[in-house]
Amino acid sequence: MGLDLLLQNILNPPVLMFMLGLLAVLLKTELEIPQPLPKLFSLYLLIAIGLHGGYELSKSGLTLDVLKVLLLAILMAIAVPIYAFFILRLKLDVYNAVAIAATYGSISAVTFITAGSFLNSLGQSYGGYMIAAMTLMESPAIIIGLILLSLFAKRNSNSQIEWKEVFRESFLNPSVYILMGTLLIGFITGEKGWKAMEPLFGTLFKGMLAFFLLDMGIVAGRRLGEIKKVGTFLVAFGILLPIFNASLAIALAKLFGLSKGDAFMFSVLCASASYIAVPAAMRLSVPEANPSLYVTMSLAITFPFNIAVGIPLYYFLIDQLWG
Amino acid sequence: MGLDLLLQNILNPPVLMFMLGLLAVLLKTELEIPQPLPKLFSLYLLIAIGLHGGYELSKSGLTLDVLKVLLLAILMAIAVPIYAFFILRLKLDVYNAVAIAATYGSISAVTFITAGSFLNSLGQSYGGYMIAAMTLMESPAIIIGLILLSLFAKRNSNSQIEWKEVFRESFLNPSVYILMGTLLIGFITGEKGWKAMEPLFGTLFKGMLAFFLLDMGIVAGRRLGEIKKVGTFLVAFGILLPIFNASLAIALAKLFGLSKGDAFMFSVLCASASYIAVPAAMRLSVPEANPSLYVTMSLAITFPFNIAVGIPLYYFLIDQLWG
Amino acid sequence: MGLDLLLQNILNPPVLMFMLGLLAVLLKTELEIPQPLPKLFSLYLLIAIGLHGGYELSKSGLTLDVLKVLLLAILMAIAVPIYAFFILRLKLDVYNAVAIAATYGSISAVTFITAGSFLNSLGQSYGGYMIAAMTLMESPAIIIGLILLSLFAKRNSNSQIEWKEVFRESFLNPSVYILMGTLLIGFITGEKGWKAMEPLFGTLFKGMLAFFLLDMGIVAGRRLGEIKKVGTFLVAFGILLPIFNASLAIALAKLFGLSKGDAFMFSVLCASASYIAVPAAMRLSVPEANPSLYVTMSLAITFPFNIAVGIPLYYFLIDQLWG
Amino acid sequence: MEPMKKVEVVIDSVHLNKVLEILEKQGVSGYTVIRDVWGKGERGIMAGDELTDVFKNSYIFTVCTEEVAKRVAESLRPLLSKVGGVCIISDVLWLVH
Amino acid sequence: MEPMKKVEVVIDSVHLNKVLEILEKQGVSGYTVIRDVWGKGERGIMAGDELTDVFKNSYIFTVCTEEVAKRVAESLRPLLSKVGGVCIISDVLWLVH
Amino acid sequence: MEPMKKVEVVIDSVHLNKVLEILEKQGVSGYTVIRDVWGKGERGIMAGDELTDVFKNSYIFTVCTEEVAKRVAESLRPLLSKVGGVCIISDVLWLVH
Ligand SMILES: Nc1ncnc2c1ncn2[C@@H]1O[C@H](COP(=O)(O)O)[C@@H](O)[C@H]1O
Ligand SMILES: Nc1ncnc2c1ncn2[C@@H]1O[C@H](COP(=O)(O)O)[C@@H](O)[C@H]1O
Ligand SMILES: Nc1ncnc2c1ncn2[C@@H]1O[C@H](COP(=O)(O)O)[C@@H](O)[C@H]1O
Ligand code: NA
Ligand code: NA
Ligand code: NA
């Protein structure tokens, strides 16, 4: 694969900041970014891509291509957790299989954002509707996971799933909500609105991403220690499944004739795993599953892999097909 | 009233962000902006308007018009809590009447700021000395309130008012202090100083306001539930008194020949109610009053009303008179 | 000394913000900037100078001059704590002498940064490698201090120094680490990287500094009360030693032919005292020493002195010699 | 001063609401909550992870009469045995005002 | 180990200083404070409102001798009955060092 | 419900890790920590200074058997007498689940 691409990706302040954070933990420095600063950054990033995506949409409008992308997004959001579950069942009990499957069925906004700034640095772009696609892909996996659970797990009465709760939790979790909301605001206020918001939510974007990735590195680093507990099977799973998901996404993207940029962002979405929305939901609804499995896999294995290797890799593949 | 004005006001990212926050609570999403982030934003906004106002003052200088405005400001800051008190006494005990009267006698910086960015979006402006006026209007209501209290409430010895404490609390509360201080700094450092501060405290202003209003929406939303406890009389009071205050302010402004922009900002100041400085003081000095009355009214009724309807309404009235 | 220089320095928003913070405490306002906001600002400032310094280095490259500066830096970082210790022993027990000596042997990044923006406002600049020099000067004092301790203090067995711990603590303390890391990132990513980071870490720099100095003023103000406990000897020490250190630094700088800007920044480094890294290390390794001595001296005496008087003073001296 | 029982609970923060519901249901006169405590127990270390919010505990205590305390303890048991956490009861004197 | 009393107080944060003054006045050897706790009681829910800081409690405890504890309790009563809050006292053993 | 001991410690946060090591070494089944508490004692006021992090305490409590509690107390004594802080022990009932 194009080594230049790999370097092109890694030799970027944001990615290097991520590694700086990782290293900080490995070297046992006491560097930390205490709450609620990480919340400030993640909130900022969500609002920023929401507003910008909405503004882009207000220019492009809702074309048929958009619908195509959104459909593909939902399709994958339903398919991934299902096949992931059955793969995981080969080695794991139902509870952990469900939790991990749901984690990989959903997406990571920060991976998406980092991929976006990588695409940018190559002088290319993607449609604002990809933000909508991302939003649509965040929640279904939770529902699918719990359906699988109620199908395959024999639980005693006092641990019935409260479906109403679950649906609210899934479709109204903060990140989904803020993304949808700002997408709408960006769409409504269009050019004028964006001009007013751009200095904060546009111009500073890359710097804030770098700042946040420093924290992501620290958080991921803290989990590194637990990888051994995770075991080879799950480590392999945490790397191979994303590659598989991305490849599948690329194939579909080609089949449905997505643009190069959109195809890339779509593949990144499918390859990424959730470390906030889904874990939160799983802790509540599947306490039998072990968080240090699914959180560690998503944060300490898949996220770093995607940031460092996955992003250029998927782009490389797409570059071959789209040219 | 000009529907276009209403839309012009609402279809702005900041106001829409406020509604997004409100809705987040109504939909029971777990969206929250934890402390001390709100403090960061409010501090930023206070410093920003302080520095900018001071810079503007350094250009315009202290003219007679300025003194006129400041006098009007103090006048209203004294008058409002007094007549508000007697209106409230029709239905409430002395303690709650005092607390609510003081709340409406003081001002809300964020309402003022939002009005300012609305004025901006209409391509108009106001004098930097309006910031000074705002600062002067924050504290007197507290003193007036406590004077009314000592006149009309028969309290047992152990709850004597500690006047020294009260004066410090009122005139040196953080927001008053930071506004006066940065106003002075902006004035002293003038052009050169502002050039250095503008990238952070000028260019990013609208974005930060939008970010903060998202939080204001959440906080206001949390109180919405308590409106029923507040009762029709106080709900009506929370909407009608601001309109009355604004109208009175507009009349005075016309009488004293204020400029259009200044008149508008002045009317907004009189219409707004405090939800930080005064409640803090009231909790300390009037524990007999029920915070969920005065906080709810100011945050969940008057603030949203002013942000969404009041601002364009007052502007509309002024537009009729100033043309 | 050039009064104009003094004013030139003080009549700057950042320095005035510092005084505003100080005054806030003296006037007993309840103004505060709660954690982790100060951490956000200090982290921001460290990252910003790190990235920018690295970028500058990538342009200038590692010349012989650079090595000269770095050597001087290490030299002073070793010399200062030693002679400071023996001066302090005239009045203090070993433990407090060690802690204070280490405090003054190390540096204060914020003093350095404030000096930098003062230099800027005079239209002059310094080499990016000065950041590296600063980084090198942060830790040695801790080691020297503990060596002095083990030489001169007779402690019972259960308080042996854990040298391994100490070295990690010193050379991998968060600020040293983040400075080295971002310096490297800035160096590697060069022009392209800086362009992406500049909007956040360059353009906003002065504003953020002002914001942070407001907090520094509050924190320093809180300690002012303890100055009387510190006693005349230590107060004098907290002002005279910095002046002496700076003069020595200037002499060396002249001797080794440093550029004017570098000489100034170097003198400021030697004159400044640590209030984070070293106190943290001392609390852990020298609990017998009284933190309210060394923290108060560094925060409430030396820091304000340098910010207000030291910076223009050192510059004045240099101006005489370099012309 | 009235003799009362103090019931203390430490539990994963996601389950805080369940605990409060139980307290309300058993009719305690009030409770106090400290968010963001961390600790270690059977389920390993719970050192609040800034990002994911997983692994974070809450501490709740309520002062109530002995039999309310008993009822609270009983109705907490199933929850605790499912999701972990601790519950302890001790004697206190309550200042009546 | 010395037998002592532990006095715990939960009160609206605006009144924290008043409580500390009382403790000092009664001559306790020290105290520990946890800011930003929330809870529920006669006066309804106190769930620290991020913006206005209204509805936020503080938790204070002090370890002292029995008669100091008694005096503290007595001098706290009027404050608590005016502004609300709770005060409880329990037995502890103090590790002398 | 099993009778147990509750051991509470307040100490300067820099020494928190030392305390936890001691608890582990004495084999407690778990512990709970509250960071960022402040207070006053022999060593004066410890009101967490936002910037330097000096003057900040941590609060730790562990529930354990009487003899573990005794051992913990003994092994804490030297540390406390060197760096200050308090340690108290009280009786609690532990809800077995
Ligand atoms: N023996 C103990 N003493 C104090 N706190 C405990 C103890 N055991 C558990 N905890 C607290 O309860 C939480 C959950 O415990 P567990 O379910 O055993 O993992 C832990 O994270 C600790 O905060
Ligand atoms: N029974 C109780 N147990 C524990 N904490 C309580 C209890 N009652 C009140 N509190 C605390 O004391 C605060 C004030 O109580 P109150 O004055 O009754 O509203 C509440 O917000 C709670 O944090
Ligand atoms: N009598 C006491 N009651 C409650 N907490 C105390 C007491 N004495 C000391 N503390 C806490 O222990 C910390 C250190 O105490 P000291 O070492 O005596 O300064 C203080 O900052 C308080 O938080
Ligand atoms: Na995925
Ligand atoms: Na008003
Ligand atoms: Na120095």
Side-chain angles (χ1 to χ4, degrees), chain A residues 7-41 43-45 48 113-114 116-123 198-215 217-218 221, chain C residues 34-48 50-52 54-55 58 139 164-165 167-205 207-208 276-277 280-281 284:
Chain A
L7 290 178
Q8 167 91 34
N9 173 55
I10 290 183
L11 296 186
N12 251 318
V15 178
L16 288 171
M17 288 294 263
F18 176 76
M19 302 189 163
L20 190 62
L22 259 176
L23 196 63
V25 182
L26 299 182
L27 294 177
K28 295 205 175 48
T29 75
E30 262 145 26
L31 180 66
E32 64 165 352
I33 302 186
Q35 266 306 16
L37 299 184
K39 213 165 218 133
L40 173 64
F41 294 124
L43 207 55
Y44 167 89
L45 293 174
I113 289 167
T114 313
S117 85
F118 169 76
L119 199 63
N120 261 240
S121 70
L122 295 176
E198 191 171 18
L200 177 60
F201 292 108
T203 321
L204 303 185
F205 190 76
K206 272 216 164 131
M208 294 292 261
L209 176 62
F211 215 140
F212 184 60
L213 281 177
L214 174 65
D215 180 62
I218 296 170
Chain C
Q35 265 307 17
L37 300 183
K39 215 164 217 132
L40 173 64
F41 294 125
S42 48
L43 207 55
Y44 167 89
L45 293 174
L46 292 175
I47 295 175
L51 289 176
H52 189 252
Y55 163 57
S58 73
S139 316
K164 229 176 112 295
E165 247 312 282
F167 270 88
R168 242 205 57 261
E169 266 281 320
S170 327
F171 289 102
L172 289 179
N173 78 61
S175 53
V176 170
Y177 178 79
I178 205 74
L179 276 171
M180 291 194 298
T182 50
L183 204 53
L184 198 66
I185 292 178
F187 185 79
I188 297 173
T189 59
E191 181 82 26
K192 189 150 177 293
W194 178 245
K195 283 281 149 293
M197 295 296 107
E198 191 171 19
L200 177 60
F201 291 108
T203 321
L204 302 186
F205 190 77
M208 294 292 260
I276 297 182
L284 208 58

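FYI, side chains are in, hydrogens and waters are out, and symmetry mates aren't considered; it's all heavy atoms of this structure.
The CG atom of L209(A) lies 11.5 Å from the CG atom of L214(A); values are rounded to the nearest 0.5 Å. Rounding to the nearest 0.5 Å gives a distance of 12.0 Å between CE of M180(C) and CG of L46(C). With rounding to the nearest 0.5 Å, the separation of CD1 in I276(C) from OG in S42(C) is 5.5 Å. The distance from atom CG of L43(C) to atom CD1 of I33(A), rounded to the nearest 0.5 Å, is 5.0 Å.
Proximity to chain C involves both the backbone and the side chain of P36(A), based on heavy atoms less than 4.5 angstrom apart. The contact between L204(C) and chain A is made entirely by side chain atoms (from C-beta outward), counting heavy-atom distances below 4.5 Å. Both the backbone and the side chain of A24(A) have a heavy atom closer than 4.5 Å to some heavy atom of chain C. Neither the backbone nor the side chain of S175(C) has a heavy atom closer than 4.5 Å to any heavy atom of chain A. Interface residue I47(C): only side-chain heavy atoms are found under 4.5 Å from chain A.
Ranking L16(A), L27(A), L37(A), L11(A) against chain C, the residue ahead of the rest is L37(A), based on heavy-atom pairs under 4.5 Å. Chain C forms the most heavy-atom pairs under 4.5 Å with one residue out of K206(A), E30(A), M19(A), and that residue is E30(A).
For the pair M208(A) and L200(C), the minimum side-chain heavy-atom distance is below 4.5 Å.
The aromatic ring centres of F212(A) and Y44(A) sit 6.0 Å or more apart.
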